[in-house]
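Below is one structure, written out as structure tokens; the observations come after it.
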2 protein chains.
Amino acid sequence: MKTLARNPKNIGQAIRNGRRARKLTQKQLAECSGVWQETISKIENGVGDTKLETVFSLLAALDLEIQIQDRSKGSVADFEDIF
Amino acid sequence: MKTLARNPKNIGQAIRNGRRARKLTQKQLAECSGVWQETISKIENGVGDTKLETVFSLLAALDLEIQIQDRSKGSVADFEDIF
DNA sequence: ACATATTATGGCCTATAGATCATACTGCTA
DNA sequence: TAGCAGTATGATCTATAGGCCATAATATGT
């Protein structure tokens, strides 16, 4: 998995994808991350804003990490919500 | 620039590094990002939590982006706050 | 179609982020 | 060493994130 993110919605999608890739329900992810299912739902759907702490709790539980890099040449295909 | 981040502090450092690489003062970054200098100071120093929206405002102004990826093999050297 | 699992929504409440102002601290450098 | 640019800190205020409960809406399987 490798997803570019330039806004909060991209993060939510990456989390949803990561969760599904690991075949976890929101409830299971909630249990192992300490973030509530309701909150996960909102984040995945880009409802409201999210704190970094919360994002990292989820990423850690999904064994994902963030890399900060110069804005690339990044092919459009690396994004998922073009439409 | 390419920095791994597994917690909010890593993000703050990446922002500070990116800002310095572009030879901007906090005040200048504040002006072009819409985030207050005081807030930038706190984020760079890992004081309190930060919302995604704010992080992305800063990253955009610094022409940086985020990539979400599986936790790597990431060499320890990619982190900056080991000590 | 029904039962059940999964996800979404919405309200209440508390904690806290960030705007904003004021001011203090920390280098520089003239 | 005085002055200034840059950064940090601290307070107040408003908006909102997320914990938490209840429940609604959607899948999914049988």
Side-chain angles (χ1 to χ4, degrees), chain A residues 1 3 5-66 68 79-83, chain B residues 1 3 5-66 68 79-83:
Chain A
M1 242 211 57
T3 317
R6 290 188 179 171
N7 58 56
K9 289 195 195 295
N10 294 152
I11 300 276
Q13 289 165 201
I15 286 172
R16 168 160 286 173
N17 291 339
R19 176 176 66 78
R20 288 188 170 154
R22 280 151 185 84
K23 304 221 185 308
L24 295 175
T25 67
Q26 289 182 351
K27 181 192 259 222
Q28 292 173 316
L29 177 56
E31 275 151 15
C32 69
S33 69
V35 178
W36 286 73
Q37 177 269 315
E38 293 88 334
T39 301
I40 295 173
S41 169
K42 285 165 193 163
I43 290 171
E44 288 187 353
N45 289 294
V47 174
D49 205 349
T50 309
K51 292 190 211 166
L52 271 185
E53 196 71 51
T54 309
V55 170
F56 279 111
S57 298
L58 294 172
L59 293 183
L62 294 171
D63 212 54
L64 294 173
E65 69 187 2
I66 275 181
I68 289 122
F79 289 93
E80 335 225 349
D81 67 339
I82 307 296
F83 308 102
Chain B
M1 243 211 57
T3 317
R6 291 187 179 171
N7 58 56
K9 288 193 195 295
N10 294 151
I11 300 277
Q13 290 164 197
I15 286 172
R16 169 160 286 175
N17 291 339
R19 176 176 65 80
R20 288 188 169 154
R22 280 150 185 84
K23 305 218 185 308
L24 295 175
T25 66
Q26 289 182 352
K27 181 190 259 223
Q28 291 172 317
L29 178 55
E31 275 153 14
C32 68
S33 69
V35 178
W36 287 73
Q37 177 269 317
E38 293 87 335
T39 301
I40 295 173
S41 168
K42 284 165 193 164
I43 291 171
E44 289 188 353
N45 289 293
V47 174
D49 206 348
T50 309
K51 293 191 211 164
L52 271 185
E53 196 71 50
T54 309
V55 170
F56 279 110
S57 298
L58 294 173
L59 293 183
L62 294 171
D63 211 54
L64 294 173
E65 69 187 0
I66 275 180
I68 289 121
F79 289 93
E80 336 227 344
D81 67 337
I82 309 294
F83 307 105

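The analysis underlying the following values was restricted to heavy atoms, covering all of them including side chains, and did not include hydrogens, waters or symmetry mates. Chain A is the first sequence line, chain B the second, and so forth, proteins listed ahead of strands; every chain is numbered from 1.
Here B:F56 contributes atom CZ and A:N10 contributes atom CG; the two are 6.5 Å apart, rounded to the nearest 0.5 Å. Rounded to the nearest 0.5 angstrom, B:I11 CD1 and A:I66 CD1 are separated by 4.5 Å. To the nearest 0.5 Å, atom CD1 of residue B:I15 and atom CD1 of residue B:I40 are 8.5 Å apart.
Across the protein-nucleic acid pair, A:E53 atom CD and C:dT16 atom P stand 11 Å apart, rounded to whole Å. Rounded to an integer number of Å, the gap from CG of A:L24 to P of C:dT7 is 10 Å. In this structure, CD1 of A:I15 is placed 10 Å from P of D:dG18, rounded to the nearest angstrom. In this structure, the NZ atom of B:K27 is 9 Å from the C1' atom of D:dA5, given to the nearest Å. Atom pair B:L52:CG and D:dT16:C1' shows a separation of 14 Å (rounding to whole Å applied). The interatomic distance linking B:K51 (NZ) with D:dT16 (P) rounds to 7 Å, in whole Å. Rounding to whole angstrom units, CZ of residue B:R19 and P of D:dA5 are separated by 17 Å. Taking atom CD1 of B:I43 as the reference point, atom C1' of C:dA19 lies 12 Å away to the nearest angstrom.
Side-chain N/O atoms of A:R16 include one lying less than 4.0 angstrom from OP1 or OP2 on C:dA8. Taking 4.0 angstrom as the limit, B:R20 places none of its side-chain polar atoms (N or O) nearer than this to OP1 or OP2 of D:dG6. Residue B:S41 places no side-chain N or O under 4.0 Å from the OP1 or OP2 atom of D:dT7. Contact between the side-chain N/O atoms of A:T39 and the OP1/OP2 oxygens of D:dG19 is found at a separation under 4.0 Å. Of the side-chain N and O atoms in A:Q26, one or more sit less than 4.0 angstrom from OP1 or OP2 of C:dA8. Listed pair A:T54 / D:dG18 meets the phosphate criterion, a side-chain N or O lying under 4.0 Å from OP1 or OP2. For C:dT7, the OP1/OP2 oxygens have no side-chain nitrogen or oxygen of A:N45 closer than 4.0 Å.
Nearest-nucleotide positions on DNA chain C for B:K42 and A:I40 put A:I40 closer to the 5' end.
Which of C:dA8, D:dA8, D:dC20 sits closest to the side chain of A:W36 comes down to D:dC20. If you check C:dG18, D:dT7, C:dT7 against the side chain of B:Q37, the one that comes closest is D:dT7. Listed nucleotides D:dT7, C:dT6, C:dA19 differ in distance to A:T25; the shortest reach to its side chain belongs to C:dT6.
Taking 3.5 Å as the limit, the base of D:dC20 and the side chain of A:E38 contain no donor-acceptor pair of atoms between them.
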So A:Q26 and A:E38, side chain to side chain donor-acceptor pair (under 3.5 Å) or not? Walk me through it. CA-CA 8 Å; A:Q26 289 182 351; A:E38 293 88 334; over 6 Å; no
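Partner of B:L58 under the side chain to side chain contact (heavy atoms under 4.5 Å, CB included) criterion, chosen from B:T39, B:L29, B:L64: B:L29.
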